[in-house]
2 protein chains.
Amino acid sequence: MATIKDVARLANVSVSTVSRAINHSGYVAKDVYDRVLAAMRELNYQPNAVARGLVSRKTGSIGLIIPDVANPFFSDIARGVEDEAIANGYTVILCNTDWNLQREQMYVRLMQGKWVEGIVLVGSRTPEQELAALLNGLPIVLADRKPNLLKSAVWSDNEVGAYLATQHLMDVGCRKIAHIAGPEDSPSATARRMGFRRAIEEQVGVYGTIAQGNFRFDGGYDAAMKLFTADDPPEGIFAANDMMAVAVIQAANRLGIRIPRDVRLVGYDNISMSEYVYPSITTVEQRGYDMGREASKLLLALLEQRMDAVLTKELEPTLLIRQSTQTENA
Amino acid sequence: MATIKDVARLANVSVSTVSRAINHSGYVAKDVYDRVLAAMRELNYQPNAVARGLVSRKTGSIGLIIPDVANPFFSDIARGVEDEAIANGYTVILCNTDWNLQREQMYVRLMQGKWVEGIVLVGSRTPEQELAALLNGLPIVLADRKPNLLKSAVWSDNEVGAYLATQHLMDVGCRKIAHIAGPEDSPSATARRMGFRRAIEEQVGVYGTIAQGNFRFDGGYDAAMKLFTADDPPEGIFAANDMMAVAVIQAANRLGIRIPRDVRLVGYDNISMSEYVYPSITTVEQRGYDMGREASKLLLALLEQRMDAVLTKELEPTLLIRQSTQTENA
DNA sequence: TTGTACGCGTTATCAC
DNA sequence: GTGATAACGCGTACAA
């Protein structure tokens, strides 16, 4: 690949002139400018971002550390992050952690070494103190996690979303409601569990129970099986995410239990699948794409020192009512 | 952040010694090594990959140019690419093109500037000549596309996969078979269309028709609606991908047509959704994760000049039979 | 076994 | 307006 020197030689000027021409910084005569441009074109010159980064200390890239891009909720976020980044001239480095704390740390260090200008950290479970220590001042925006110590984040209120979901099950007449929870160490799962509890406790005459899941299909399936075969099966199930809600449907099919007739079901996330399964799943919309987009926007604002920028953004969870909670005669 | 100079000063040695210690290149006395290590630790030193890249001309990153990470098939590929890359010390830059040729070009140039060591290009529709010209020698591996001019690629034979799918529909007794095709400018879609045609033409007494889709839900839905409301509706439908197959199910539900009783359905890709919808969809497995993984592995082999490495890999498509083609009395 | 000096491609600060 | 020149942080001949 051609360097700035090659261009300078061909255009018969010094490298500094070429640099000025490229960056529109400082003076450069019209005819000289044209000559430089022609040379650039002829050599198919592309400025070297690495060398640029070294001197300017700006690499034009940000790190995206995410549990798993293959997970539909996260891949929406990833897309949002990249869209906003590229629109502002930034490039995104993708890192998958599988929620593994070691990998998360490894990636943070790696990103430091690569001189990313900032990080969007999605769905992290690392304690914020540790994070802050690790970061060493590197700008970061948390996504899908409500911050305590850290100042910038985009999240939606899982507690409220879960409350809405549970409330809706009560509205359609459920008295015995089960929650299939997410992993214990997940802040989102914890918040949803709390929202569920609050809804249950606010309403007299409604009974709640919690079955442990893991946000994955298998965990949801096992939990649903246990619930359905218990002495006193629930009339409504609130699954902590759509993936597990889909599993509930499969378990119900297996046992000949019909949804929503025999049991009503609510999920969480609104992954596209939830709309297309049968019955379609009533769920709490998370707007992953927007979350990613906002996180990215926020990080860029941070980088460009626009201190007027808001540092946190809470997205409203909204309930989407579909077939899985339809009442016969409504 | 601390630099190599800081470490050198603290350890009372020269920068070159520190460099040698870090990279285990050249001689360095045991006690000196320990001193350097201690200094590194104390300063929380992290080698600067940018500076390193400048001198070594190796950035340790590869570009992943992909139509859309939010699309489940591609997000699987992305995950595979990243897994293999990070396992070998490489980092992945994510680029979404939405199949837009301009964006693809833009990203290729951007990646050149960033000095990525190579590119995994997924599902591209740019003519290979143009690509080769654009690349200017930058190593590349095509994924999900059979190469002509370019030497390295990972793909699965879509023609064969489509043939299998169509054959299966005939096996379960369909005589009038419709294919909902993908976009005309997609090589995969074209290959699938050809496989469909071949299967139909090889069998006397079987009638085929093609409806235009676009690989998206909406296109599949519209096409299915047209097929179902035509004078002579099909007995079997082969949708060019699972997303459109899901749409076919929705359209059928809407019209009170039952699958597989009234019409049998086969999809393509085996995205996770296809297993969880009702009825579950018979489909052709693509193994996106493996494809990504292989593509990455191949690119790295290329970069490391392991010329013994195979340059192309064709993955066998396999048929997964599920409910959507179940015969009543089988 | 260790240190000096140069270069990687670019930008910024100066003289001219 | 333009051109040397010194950084940026690191790897590596080469000399010591």
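Throughout, protein chains are lettered first and strands after them, A, B, ... in sequence-line order, and every chain is numbered starting at 1.
The phosphate of D:dG11 (OP1 or OP2) has no side-chain N or O of B:S56 nearer than 4.0 angstrom.
What separates NZ of A:K58 from P of C:dT11 is a distance of 14 Å, to the nearest Å. Distance CE (A:M1) to P (C:dC8): 15 Å, rounded to an integer number of Å. Between the CZ atom of B:R57 and the C1' atom of C:dT10 there is a distance of 13 Å, rounded to whole Å. Summarising the geometry, the separation between NE2 on B:H24 and C1' on D:dG11 is reported as 15 Å, rounded to the nearest angstrom. Rounded to whole Å, atom C1' of D:dC10 lies 8 Å from atom CG of A:L54. In this structure, A:R9 atom CZ and D:dA4 atom P are separated by 13 Å, rounded to whole Å. If you take NZ of B:K114 and C1' of C:dG9, they are 15 Å apart, rounded to a whole angstrom. Protein atom CG of B:N23 is 17 Å distant from nucleotide atom P of D:dG9, rounded to whole Å.
Of the residues in residues 34-52 of chain B, B:Y45, B:P47, B:N48, B:A51, B:R52 come within less than 4.0 Å of DNA chain D through at least one heavy atom, sorted by number.
Judged by distance alone, the side chains of B:S124 and B:E104 do bring a donor and an acceptor atom under 3.5 Å apart. One side chain, A:T17 or A:S14, offers a donor N or O that lies under 3.5 Å from an acceptor on the other. Counting only N and O atoms by type, the side chains of A:R216 and A:N71 include no donor and acceptor under 3.5 Å apart. Side-chain polar atoms of A:E314 and A:S156 form no donor-acceptor pair below 3.5 angstrom.
Between A:R79 and B:D98 a salt bridge is recorded (basic side-chain N to carboxylate O distance below 4.0 Å).
Residues A:N44 and B:N136 are not in side-chain contact: their nearest non-hydrogen atoms beyond the backbone lie 4.5 Å or more apart. Taking the side chain as every heavy atom from C-beta outward, A:Y107 and A:I93 never approach each other to under 4.5 Å. Between A:R103 and A:C95, every side-chain heavy-atom pair lies at or beyond the 4.5 Å cut-off.
Of all heavy-atom pairs between B:R20 and B:G26, the closest is CD-CA, 4.0 Å.
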Study note, to complete from the structure: Readout for nucleotides 1-7 of chain C: B = base within 4.0 Å of protein heavy atom, S = sugar-phosphate only, - = neither; 5' to 3' it is BBBB--B
